[in-house]
Amino acid sequence: MFCYNCGRRLSEHDFCTSCGADVSLYKKVLHVSNMYYNEGLEKAGVRDLSGAAASLRQGLRFNKNNIKARNLLGLVYFEMGDAASALREWVISKNMSPDKNIADEYIDRIRSNSGRLDAINQTIKKYNRALALCSQDSKDLAVIQLRKVLSLNPRFIRAHQLLALLYMEQEEWERAERELRKCLEIDKNNLQTLRYMKEVEQALMPEEGVRRRKKDEAVRYQSENEVIIQPLNVKEPKRGGGFATVLNMIIGLIIGIAAMYFLVVPAAQSRVRNEEQQTITKISSESDAKTARIQELEGQIESLSGNVQNLRTEIEGYAGAGGTIETTESLIQIAAEYLETTDMYVAADKLEELAGEVDMASMSDSFQRLYQSMASSIGPELSKEYYDEGYQQYYTGRYEEALETLSKAVKYDAANADALYHLGEAYRSSGDTANAITTYDKVIELFPDTENARLAKYRKDNLNAG
């Protein structure tokens with residue numbers, strides 16, 4: 001037993017010797033849980049499975065971490081034919097205690113046997129189908145489904161009980177009794193089964209007095225020293241019974257015809273009913289197989305429709321308006337016009353416009369290489385032109401225009417140290433101290449040991465000091 005607070009093993013004291021937590025009530029709760037576990041174990045030993053399940057569930061209400069109780073509850077469910085509930089309990093047990101847990105072995109035994117796992121799935125589906133048929137008042141088909149369930153899982157108590165209930169409604173009391181006897185062989189004290197059995201026994205019990213021995217069945221009298229016993233309603237045969245012989249023959253013929261009617265005809269009718277039930281079972285199985293095949297084909301059609309839609313979307317991304325093909329064609333046209341006119345300003349504007357319309361990271365490698373090749377081809381020269389223009393604007397006091405022009409010079413050639421330094425100067429002269437210091441830091445970082453870096457440091461120190 002371990003402390004709920006710190007996880008240390010508890011001693012005989014009512015407090016944890018490690019963290020000091022009060023564990024008196026905690027110990028009582030665990031004791032009650034173990035008591036219900038032992039009670040469930042005893043009931044399971046005498047095949048009181050429903051009583052064992054109730055005790056084990058009560059024990060888990062007190063201590064959900066009682067792994068032994070949870071594993072035993074799974075075994076009880078499995079013995080009652082409810083494999084789905086058993087798997088649920090074992091999976092919960094495995095998640096709570098993954099190390100050295102026998103639930104691993106139970107789960108592996110089921111999963112390793114694909115036939116058993118498929119039978120469990122079919123059992124659940126067919127049982128649910130039988131419930132649905134009962135709610136739709138198709139009780140004959142429900143009986144067929146339940147027979148299929150019990151052929152796959154003969155220990156499924158709930159299926160036996162439901163089948164017995166349907167037989168009881170159809171007043172087929174002997175069949176209902178057989179199903180309930182099978183339930184009692186699995187679970188001796190199942191209250192639902194015992195309640196159904198009581199109703200069946202009352203229906204099968206003969207009316208009071210039918211089989212009661214009648215009093216005074218014979219007349220006794222004494223003749224001299226002998227006691228004569230004469231049964232009632234027995235007449236002595238008359239002599240010379242020619243008519244009696246004919247009458248007896250007629251009665252015998254009538255009895256023979258009646259016996260044939262009550263014995264032979266029901267057997268023939270039973271054979272016809274069995275053949276009809278086999279035909280219905282075959283048709284139902286074929287219908288289930290066709291329904292499953294239709295659902296499978298519908299799923300394939302839906303999947304293929306989704307693939308077609310995805311392909312159309314992908315093709316639209318390549319060939320549609322603004323697609324990859326159109327964008328690549330635009331870049332090739334810009335390159336061709338630049339080679340013809342050598343107008344780098346026009347080419348730069350179109351490159352900027354194209355870059356704003358597309359996601360460069362998603363474009364192909366060839367597109368990105370061509371774009372970078374054009375940018376590096378016109379960038380340095382264009383940066384020099386913008387620097388010269390911005391330099392003039394700066395020294396003529398047009399600082400706002402200089403900021404825009406020098407920013408373009410830096411954008412097209414990040415290695416243009418003069419443009420970057422004079423951009424900082426333009427920020428300083430326009431009163432934007434924060435951007436000026438940021439730009440000076442870039443000059444010092446990118447172009448150390450240069451005159452621009454020395455001047456930038458000087459300007460930065462003055463701004464910080466001022």
### Query
So with a 6.0 Å cut-off around CG of Asp449, is the heavy-atom count from everything else above 12?
no
### Query
Which of these, Arg181, Glu179, Met168, sits in a side-chain contact (heavy atoms from CB on, under 4.5 Å) with Val200?
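Of the listed residues Arg181, Glu179, Met168, the side-chain contact (heavy atoms from CB on, under 4.5 Å) partner of Val200 is Met168.
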Less than 4.5 Å apart, side chain to side chain, heavy atoms only: is that true for [X] and [Y]?
X      : Y      : answer
Ile110 : Trp90  : yes
Tyr106 : Leu75  : yes
Arg175 : Gln170 : no
Lys64  : Met96  : yes
Tyr399 : Tyr394 : yes
Asn153 : Ile120 : no
Gln58  : Phe62  : yes

With a 3.5 Å cut-off and sequence neighbours excluded, list the donor-acceptor pairs that the side chains of residues 130-140 form with protein atoms.
| from | atom 1 | to | atom 2 | distance (Å) |
| --- | --- | --- | --- | --- |
| Ser135 | OG | Ala132 | O | 2.6 |
| Asp137 | OD1 | Lys139 | NZ | 2.5 |

Nearest 0.5 angstrom please: [X] [atom1] to [Y] [atom2], how far?
X      : Y      : atom1 : atom2 : result
Lys28  : Leu30  : NZ    : CG    : 12.5 Å
Ile157 : Leu150 : CD1   : CG    : 11.0 Å
Thr433 : Leu463 : OG1   : CG    : 5.5 Å
Leu49  : Cys183 : CG    : SG    : 11.0 Å

Is a side-chain N or O of [X] found less than 3.5 angstrom from the main chain of [Y], in a donor-acceptor match?
X      : Y      : value
Asn101 : Ser93  : yes
Asp187 : Ser50  : yes
His160 : Arg178 : no
Ser383 : Gly379 : no
Asn63  : Gly59  : no
Thr123 : Ala119 : yes
Arg47  : Ile186 : yes

#### Entry: Tyr421/Glu451 under side-chain contact (heavy atoms from CB on, under 4.5 Å): CA gap, chis, key distance, verdict
CA-CA 10 Å; Tyr421 170 72; Glu451 183 64 19; over 6 Å; no
Looking only at non-hydrogen atoms, find the nearest pair between [X] and [Y] and report the distance.
X      : Y      : answer
Ile444 : Ala453 : CG1-O, 3.8 Å
Ser430 : Glu400 : CB-OE2, 4.3 Å
Ala426 : Ala402 : CB-CB, 4.5 Å

### Task
Step by step, work out the side-chain contact (heavy atoms from CB on, under 4.5 Å) result for Leu184 and Leu194.
CA-CA 8 Å; Leu184 292 176; Leu194 294 174; 3.8 Å; yes
### Message
Enumerate the salt bridge (Lys or Arg N to Asp or Glu O under 4.0 Å) contacts for residues 121-133, please, sequence neighbours excluded, ordered by first and then second residue.
### Response
Lys126-Asp288
#### Entry: Chi angles and distances behind the salt bridge (Lys or Arg N to Asp or Glu O under 4.0 Å) call for Arg428, Glu425
CA-CA 5 Å; Arg428 181 184 61 81; Glu425 287 288 273; 3.2 Å; yes
### Message
Quick one, Gln161 with Arg158, criterion side-chain hydrogen bond (donor to acceptor under 3.5 Å, both in side chains). Give me CA distance, side-chain angles, the key distance, then yes/no.
### Response
CA-CA 5 Å; Gln161 290 174 339; Arg158 287 190 292 172; over 6 Å; no
### Task
Please lay out, stage by stage, how Val46 and Lys188 fare under the test side-chain contact (heavy atoms from CB on, under 4.5 Å).
CA-CA 8 Å; Val46 296; Lys188 294 185 179 298; over 6 Å; no
### Evaluation steps, side-chain contact (heavy atoms from CB on, under 4.5 Å), between Asn452 and Phe447
CA-CA 8 Å; Asn452 286 325; Phe447 309 104; 5.6 Å; no
### Task
Apply salt bridge (Lys or Arg N to Asp or Glu O under 4.0 Å) to the pair Glu296 and Arg293, showing each step before the final yes or no.
CA-CA 5 Å; Glu296 180 182 357; Arg293 180 59 178 166; 3.3 Å; yes
